[in-house]
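One structure is given here, and the rest of the page talks about it.
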Amino acid sequence: MPVLVVVGAQWGDEGKGKLVHYLSRSAHAVVRYQGGNNAGHTVVHRGETLALHLLPSGILLPGKVGVLAHGVVISPRGLLEEIRFVKKKKISVRGRLRISLGAHVVMPYHMRLDALRETTERPLGTTRRGIGPCYIDKVARRGIQMADFIDPPAFRKKLDFALESNAAELRRLGKPAQLKKEALRGYRRMAEELRPYCVDTVEYLHQGLSSGKRILFEGAQGVMLDLDVGTYPFVTSSSPVAGGACVGAGLAPRQLDRVLGVAKAYTTRVGAGPFPTEMPAGMAGALREKAGEYGATTGRPRRIGWLDLVQLRRAVKVGGLESLALTKLDVLSGIHPLKICVAYRFRGKPVAHFPVSQSMQFAVEPVYELLPGFSGNIRGLREFGKLPPQAKSYVRRVERLLNLPISFISTGPGAGELILRGPKVW
Ligand code: IMP
């Protein structure tokens, strides 16, 4: 099985970084296929907690190749800072990083537009990394790709075109000459530094696959933040679903062999939007402090809720999930009873599926099944058999209700704090 896609099955921050870091050991290359440095993948590497935003988590392991495919949007400054950051940890990406020539570039004006929209229009609670405005330019066909970025005459032309064709909106930020100056600041040096990494990643990946290499795809954000199947408009501007790997990296659908979903044992989301199983502030606050539920990219407090199987069923369907990694089970210790949302009700009537309509998403009421909680410190446990009986029952109940095997249970942030169950996923 050469290709595995790891996707977030909730609203992001599920702990994909840790799983990808673990699974990377048997991969040749780890590929990001969407999003940008809005992501925050936290990994405990050699005992140190690191948050990566653009570099695929697998790059931390010696000899592994990290690929930023064309579906990713790249902030050159952010990426270079991250390359320097890992270098300080004695990890060199030289010869191991491949950046798609087709990836779009996040320009300084994209970040400023993102921030401006968040303060003057309907705030979505974006990460303000310029992700939405960059994808808008891509769709409007005035975006700047890495191939242009590393070719100074092409870059200047494309920059002028981008600034002119979006002049009305950009004028809100300042004078065109000033925006251009800002876009050109430090440009030459950044282009020189990134040029050696830029390749045709479609060819690179297909060559790898035809020579039997194993490729791991690292989804960013989560299914519910997907532009099409998520809680629109409170979503990101890309396709975190497994299918996004085909579009964002140029693979054919039948080349994706396996899809692993990652879900927390409860639910979190950052930013605005519907969240049917959100907990009352007091309880959420206690859990937040216990589990450090603050955004890895922005430091914002995450909203917290119970595990939501209506939402997860949606993720299982659209992701074609074949198994699940359940993370942060240790956090639920000491909570009695545990609640699992098994259905929704809308105006007193049962709702069979996660609703598409935004007003319904806000209005549905969760129907909970109550399970006995468990106590004691399960942090770092590596054997399913050693979990308290109630913790085992919780896991088995989720498996049963979702009709999906739980292959991994994470019992702490450390790389080894993981229970493996059932047949090997990959
Ligand atoms: P954007 O991706 O910065 O445009 O933000 C759009 C929505 O996606 C906001 O609700 C963000 O909080 C959310 N979001 C983006 N990236 C992540 C992530 O890595 N984890 C969790 N939420 C995210």
Side-chain angles (χ1 to χ4, degrees), residues 6-20 32-43 50-57 68 71-75 78 82 104 106-107 109-119 121-139 218-241 244 248 261-264 266-275 278 288 291-305 311 315 327-328 358 361-362:
V6 175
V7 296
Q10 295 162 323
W11 277 278
D13 307 320
E14 299 92 348
K16 297 177 290 296
K18 169 174 168 166
L19 263 297
V20 170
R32 281 277 311 270
Y33 57 88
Q34 44 73 230
N37 61 351
N38 48 350
H41 292 174
T42 308
V43 177
L50 310 175
L52 295 181
H53 303 282
L54 260 170
L55 290 174
S57 307
L68 297 174
V72 177
V73 288
I74 296 177
S75 152
E82 207 162 298
H104 280 248
V106 180
M107 300 298 295
Y109 49 84
H110 290 140
M111 293 183 61
R112 290 184 48 193
L113 271 180
D114 201 355
L116 182 76
R117 288 197 189 129
E118 281 293 301
T119 44
E121 295 159 25
R122 174 192 51 186
L124 296 173
T126 75
T127 59
R128 303 188 180 202
R129 295 292 184 273
I131 306 299
C134 181
Y135 278 117
I136 289 173
D137 277 359
K138 175 176 176 172
V139 174
E218 177 174 14
Q221 291 84 44
V223 169
M224 301 313 284
L225 288 173
D226 184 275
L227 182 61
D228 291 278
V229 296
T231 47
Y232 189 89
F234 302 98
V235 290
T236 193
S237 303
S238 66
S239 305
V241 292
V262 185
K264 273 181 194 165
Y266 47 98
T267 314
T268 63
R269 93 169 283 179
V270 201
F275 188 177
E278 187 162 19
R288 183 178 303 120
E293 290 291 0
Y294 291 90
T297 301
T298 57
R300 290 178 293 173
R302 293 178 184 145
R303 297 160 65 194
I304 302 182
Q311 173 271 302
T327 61
K328 293 205 163 183
Q358 189 187 325
Q361 288 170 0
F362 274 110

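All heavy atoms count here, side chains included; hydrogens, waters and symmetry mates do not. Indexing begins at 1, ligand by ligand and atom by atom, following the structure's order.
Contact annotation: for R300 versus ligand 1, heavy atoms closer than 4.0 Å belong to the side chain alone. Contacts of W11 with ligand 1, taken as heavy-atom pairs under 4.0 Å, involve the backbone alone.
Residue contacts with ligand 1 include G125, since one or more of its heavy atoms lies under 4.0 Å from the ligand. Close to ligand 1: G40, with a non-hydrogen atom less than 4.0 angstrom away. In this structure, Q221 counts as a contact residue of ligand 1, since one of its heavy atoms falls inside 4.0 Å of the ligand.
Between G12 and ligand 1, no pair of N/O atoms sits closer than 3.5 Å. For the pair D13 and ligand 1, the shortest N or O to N or O distance falls below 3.5 Å.
Side chain of T42 to main chain of A51: no donor-acceptor pair is present (N/O by atom type, distance under 3.5 Å, no hydrogens or angles).
Across T236, N37, L225, N38, heavy-atom proximity to atom 14 (N) of ligand 1 is greatest for L225. If you check each of V235, L124, T298 against atom 6 (C) of ligand 1, the one with the closest non-hydrogen atom is V235.
A donor-acceptor contact under 3.5 angstrom links the side chains of R269 and T231, judged on distance only. Judged purely by distance below 3.5 Å, without hydrogens or angles, the side chains of T298 and R300 pair a donor atom with an acceptor atom.
Protein heavy atom in closest approach to atom 3 (O) of ligand 1: T127 OG1, 2.6 Å. In this structure, atom 10 (O) of ligand 1 lies nearest to the protein heavy atom V270 O, 3.1 Å. For atom 5 (O) of ligand 1, the closest heavy atom belonging to the protein is T126 CA, 3.3 Å.
Here the side chains of S237 and K138 are not in contact, with every heavy-atom distance at 4.5 Å or above. Between E218 and K16, every side-chain heavy-atom pair lies at or beyond the 4.5 Å cut-off. Put simply, the side chain of V270 does not reach to within 4.5 Å of the side chain of W11, judged on heavy atoms. Side-chain contact check for K328 versus E293: some heavy-atom pair is nearer than 4.5 Å.
For CZ of F362, the number of neighbouring non-hydrogen atoms (other residues, nucleotides, ligands) closer than 6.0 Å is greater than 12.
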